[in-house]
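In what follows, a structure is listed as structure tokens, so that the remarks can point back to it.
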Amino acid sequence: MTLAPGLRSQQLIMVEMEDTAKRMHSGDVPVLATPRLLALAEAATVRAVEQHLEPGQTTVGTRVELEHLAASPLGTHVQIGVELTEVDGRRLVFAFEAHDRHSVVGRGTIERIVVNRAAFLARARERAAIR
């Protein structure tokens, strides 16, 4: 595993109806939904490290801190950038920021843990069987 602070990823989206609070049922307005913003940031964290993991490894989210600062209506281009800022054993901490052409629309941190995919899924199935 060659994970080190400084790994980055970014993506650019145009807000479409399926990205909106109205469509995601997290509000009733046609602007970028907070859960969608988070999903985009999490996807970028996965991309930032995927080429640096050992075969059979993946990362899973464990903690999120998010500020959604401005509304992004339909048709707005939003760029989401993430950077790995801390590696503490298997724990990874990312900073993220999203902005449109006018301002920062969101920012925060996402923590993920490196896990063995097969073992993680086996434990999840085991926990589900117990319930």
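Residue numbers count from 1 along this sequence.
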Check against side-chain contact (heavy atoms from CB on, under 4.5 Å), S72 and V105: CA-CA 7 Å; S72 301; V105 298; 3.6 Å; yes
Salt bridge between E18 and R36, side-chain N to carboxylate O under 4.0 Å?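 A salt bridge is absent here (no side-chain N lies under 4.0 Å from a carboxylate O).
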Looking at R23 and E16, is any side-chain nitrogen of the basic one under 4.0 Å from a carboxylate oxygen of the acidic one? no
Closest contact, heavy atoms only, [X] versus [Y]:
{"X": "T20", "Y": "P30", "value": "CG2-C, 3.7 Å"}
{"X": "R112", "Y": "V46", "value": "NH2-CG2, 3.5 Å"}
{"X": "I80", "Y": "A41", "value": "CG2-CA, 3.9 Å"}
{"X": "H77", "Y": "L12", "value": "CB-CD1, 4.1 Å"}
{"X": "T45", "Y": "E42", "value": "OG1-O, 2.6 Å"}
{"X": "L7", "Y": "H52", "value": "CD2-NE2, 3.5 Å"}

Identify whether [X] and [Y] are in the same connected component of the hydrophobic contact network (ILVMFWY, side-chain heavy atoms under 4.5 Å).
{"X": "V31", "Y": "L37", "value": "no"}
{"X": "L3", "Y": "V115", "value": "no"}
{"X": "V114", "Y": "F94", "value": "yes"}
{"X": "F96", "Y": "I113", "value": "no"}
{"X": "V64", "Y": "L40", "value": "yes"}

R123: which residues meet the salt bridge (Lys or Arg N to Asp or Glu O under 4.0 Å) condition with it, sequence neighbours left out? none
Do [X] and [Y] have side chains that approach each other closer than 4.5 Å (heavy atoms only, starting at C-beta)?
{"X": "V29", "Y": "K22", "value": "no"}
{"X": "I110", "Y": "V82", "value": "no"}
{"X": "V87", "Y": "P5", "value": "yes"}

Applying side-chain contact (heavy atoms from CB on, under 4.5 Å) to T59 and L53, what does each step give before you reach the verdict? CA-CA 9 Å; T59 62; L53 298 174; 4.1 Å; yes
Taking N116 for the side chain and A119 for the main chain, is one N or O donor matched with an acceptor at less than 3.5 Å? yes
Would you find a donor on one side and an acceptor on the other, under 3.5 Å apart, between the side chain of T85 and the backbone of V93?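 Yes; judged by distance alone, with no hydrogens or angles, the pair exists.
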Say you draw a straight line from [atom1] of [X] to [atom2] of [Y]; how long is it, rounded to the nearest 0.5 Å?
{"X": "R107", "Y": "E65", "atom1": "CZ", "atom2": "CD", "answer": "10.5 Å"}
{"X": "L32", "Y": "S26", "atom1": "CG", "atom2": "OG", "answer": "9.0 Å"}
{"X": "L66", "Y": "T109", "atom1": "CG", "atom2": "OG1", "answer": "9.0 Å"}

How about Q79 and Q11: does a side-chain donor come under 3.5 Å of a side-chain acceptor?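 Checked: Q79/Q11 side chains show no N/O donor-acceptor pair below 3.5 Å.
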With a sphere of 6.0 Å drawn around CZ of R8, does it hold more than 12 non-hydrogen atoms of other residues, nucleotides or ligands? no
Within the supplied structure, the quantity of interest is the number of heavy atoms (other residues, nucleotides, ligands) at a distance under 6.0 Å from D28 CG; does it exceed 12?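 At most 12 heavy atoms, drawn from other residues, nucleotides or ligands, come within 6.0 Å of this atom.
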Using side-chain contact (heavy atoms from CB on, under 4.5 Å), reason through R91 and E111 one step at a time and then give a plain yes or no. CA-CA 7 Å; R91 185 173 73 89; E111 291 186 15; 3.3 Å; yes
